[in-house]
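One structure below.
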Protein chains: 2
Amino acid sequence: MRLTTKGRYAVTAMLDLVINSGSGPISLADISKRQEISLSYLEQLFSKLRKQGLVSSVRGPGGGYTLGRESNDIYIAEIVDAVNESIDATNCRGAGNCHGGEVCLTHHLWTDLSEQIHSFLGSISLQSLVDKRDHEAEVKKAMGQMTDNGEQIISMLG
Amino acid sequence: MRLTTKGRYAVTAMLDLVINSGSGPISLADISKRQEISLSYLEQLFSKLRKQGLVSSVRGPGGGYTLGRESNDIYIAEIVDAVNESIDATNCRGAGNCHGGEVCLTHHLWTDLSEQIHSFLGSISLQSLVDKRDHEAEVKKAMGQMTDNGEQIISMLG
DNA sequence: TATTAGTTTAGTAAATTACTCGGTTAAAAG
DNA sequence: CTTTTAACCGAGTAATTTACTAAACTAATA
């Protein structure tokens, strides 16, 4: 899981799309003005977002972008993953140049943590970010994904 | 909260320090060999870690680095923060060039999320990463920081 | 005194980020 | 049918960050 300014731009643009989506599609030119992100950079980001089905496009006058799915079915991790090239964190993959096993241990610990962050962001939807009333429910969902006895906890909470 | 390869290197090196710390200090040369990170790069990273008190150094032969605090009192967020220059995520800070308030809204939403990630990584100690038996307890602590009724949940769990 | 290993600074190659520019294509409006 | 709009596409590039090399110096040990 990589979390850079590039991902922030993508999430910000998607949030802008959710907040300003009324009747028709939203043009990148509008998002560019509102969020102060270069139009061409937005085009690059949305090209990747479109390929992942997170947005769909409408050409011509009055055209622009709409969400590919409902805002409560699009998760932050998807957006970040879409714009970031996935780089393998470990330089020793499985067998090979692992001397002593300790290299693998630290790498394994890191990837474990990285997966936890990913599952956390994978449980937060665009809509829940906008709608703060959903906040606690989303945290419960995040908890459920991060702990083994998550279901138990949630059932205790009703 | 920025999560780049630089932070990963720092956390990996700190994990190496915890795992291999027996009697005396650990030299960066050893970490460099084990984790395949350039010595000079480690020196730069540990310079920052030292300034934050996360490690302390011993010079001369047999010297090296030890943890500045106990491993269960050093948190991942501290390590990541130490090596990353903190960049302000919002281009409009407070007053100024906020046109319409919507720019601020999306920025606010992002910083909210960013803080959640930060508090999540701020609840995971180095030791808990190593010692998987602490895993569930740490998740509970993380939950407590992320939800308003966290204390309530923890008390329910005993 | 020689060696070890941290400390510091300057410089740099590589990668990534963010952007400019120039075009094309599809669809709507006139 | 022509013009306009805005998505689409690719090459190129400045700025920044990452990761590293090199060279010196300092403290502590053997």
Side-chain angles (χ1 to χ4, degrees), chain A residues 2-13 17 20 23-68 80 82-89 91, chain B residues 2-13 17 20 23-68 80 82-89 91:
Chain A
R2 210 150 101 263
L3 209 58
T4 64
T5 49
K6 194 173 186 177
R8 197 191 75 216
Y9 277 122
V11 172
T12 300
L17 202 55
N20 295 98
S23 49
I26 309 290
S27 74
L28 292 189
D30 286 353
I31 299 179
S32 173
K33 280 174 206 154
R34 277 194 295 264
Q35 304 301 331
E36 298 175 14
I37 306 170
S38 119
L39 178 59
S40 287
Y41 195 42
L42 278 177
E43 282 172 353
Q44 286 177 33
L45 296 178
F46 273 74
S47 169
K48 293 181 177 181
L49 293 171
R50 194 174 62 90
K51 277 166 188 162
Q52 296 299 319
L54 298 177
V55 294
S56 48
S57 59
V58 180
R59 283 183 159 195
Y65 286 92
T66 55
L67 291 183
V80 173
V83 297
N84 284 340
E85 325 296 323
S86 63
I87 290 175
D88 46 323
N91 31 13
Chain B
R2 212 151 99 263
L3 209 58
T4 65
T5 49
K6 194 174 187 176
R8 198 192 72 216
Y9 276 121
V11 172
T12 299
L17 202 54
N20 294 99
S23 50
I26 309 290
S27 74
L28 292 188
D30 285 353
I31 298 178
S32 173
K33 280 174 205 155
R34 276 194 297 263
Q35 304 302 331
E36 297 175 15
I37 307 169
S38 119
L39 178 58
S40 285
Y41 196 41
L42 279 177
E43 283 171 353
Q44 284 178 36
L45 297 178
F46 274 74
S47 168
K48 293 182 177 180
L49 294 172
R50 193 172 63 90
K51 277 165 188 161
Q52 296 300 318
L54 298 176
V55 294
S56 48
S57 59
V58 179
R59 284 181 158 195
Y65 286 91
T66 55
L67 291 183
V80 173
V83 297
N84 284 340
E85 325 295 323
S86 63
I87 291 175
D88 47 321
N91 30 10

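Heavy-atom basis, side chains included; hydrogens, waters and symmetry copies ignored. All chains are named by letter (A, B, ...) in the order of the sequence lines, taking the proteins before the strands, and each is independently numbered beginning at 1.
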Open item on the list: Just the rounded figure in Å: distance from P of C:dT7 to CG of B:Leu45.
Closed with: 13 Å
Task: Residues B:Glu43, B:Arg50: salt bridge by 4.0 Å N-O rule - done: no
Open item on the list: Rounded to whole Å, how long is the line connecting atom NZ of A:Lys51 with atom C1' of D:dG10?
Closed with: 11 Å
- [ ] Among the candidates C:dG6, D:dC8, C:dC19, find the nucleotide nearest to the side-chain atoms of B:Ser57.
- [x] C:dG6
Task: Residue whose closest nucleotide on DNA chain C lies nearer the 5' end, B:Gly63 versus A:Val58 - done: B:Gly63
Task: Whether B:Phe46 and B:Tyr65 hold their rings parallel, tilted or perpendicular, with breakpoints at 30° and 60° - done: tilted
Task: Nearest-angstrom distance from the residue atom CD of A:Gln35 to C1' of C:dC19 - done: 18 Å
Open item on the list: Using 0.5 Å steps for rounding, measure from the CG atom of B:Leu42 to the OG atom of B:Ser47.
Closed with: 12.0 Å
- [ ] Considering just the side-chain nitrogens and oxygens of B:Tyr65, establish if one lies under 4.0 Å of OP1 or OP2 belonging to C:dT7.
- [x] yes
- [ ] Please report, rounded to the nearest Å, how far the P atom of D:dA11 is from the CD atom of A:Gln44.
- [x] 12 Å
Open item on the list: Can you measure A:Arg59 atom CZ to D:dT5 atom C1' for me and round it to whole angstrom units?
Closed with: 12 Å
TODO: Between C:dT20, D:dC20, D:dA19, spot the one nearest the side chain of A:Ser38, thanks.
DONE: C:dT20
TODO: Could you check whether A:Ser40 gets within reach of a base, just the sugar-phosphate, or nothing at all, counting any heavy atom under 4.0 Å?
DONE: base
Open item on the list: Between A:Arg8 and C:dA18, is there a contact of a side-chain N or O with OP1 or OP2 at under 4.0 Å?
Closed with: no
- [ ] In whole angstrom, give the distance that lies between atom CG of A:Leu42 and atom C1' of D:dA7.
- [x] 13 Å
Open item on the list: Expressed as a whole number of angstroms, how long is the span from B:Arg2:CZ to C:dT16:C1'?
Closed with: 12 Å
Task: Shortest non-hydrogen contact between B:Thr66 and B:Pro25, atoms and distance - done: CG2-CA, 3.6 Å
Task: Atom pair CG (A:Leu3) and CZ (B:Arg2), whose distance is rounded to the nearest 0.5 Å - done: 10.0 Å
Open item on the list: Heavy atoms only, 4.0 Å cut-off, all strands: where does A:Phe46 land among base, sugar-phosphate and nothing?
Closed with: nothing
- [ ] Indicate, with a heavy-atom threshold strictly under 4.0 Å, whether B:Leu39 touches base, sugar-phosphate, or nothing.
- [x] nothing
Open item on the list: Taking the minimum atom-to-atom distance to the side chain of A:Pro61, which one of D:dA19, D:dA7, D:dT5 wins?
Closed with: D:dT5
Open item on the list: If I take atom CG in residue A:Asn84 and atom C1' in nucleotide D:dT17, what distance separates them, rounded to the nearest angstrom?
Closed with: 15 Å
Task: Nucleotide nearest A:Thr5 (side chain, heavy atoms from C-beta), chosen from C:dA18, D:dT21, C:dT7 - done: C:dA18
Open item on the list: Can you see if the side chain of B:Arg50 gets near the phosphate of C:dT7 - specifically, an N or O under 4.0 Å from OP1 or OP2?
Closed with: yes
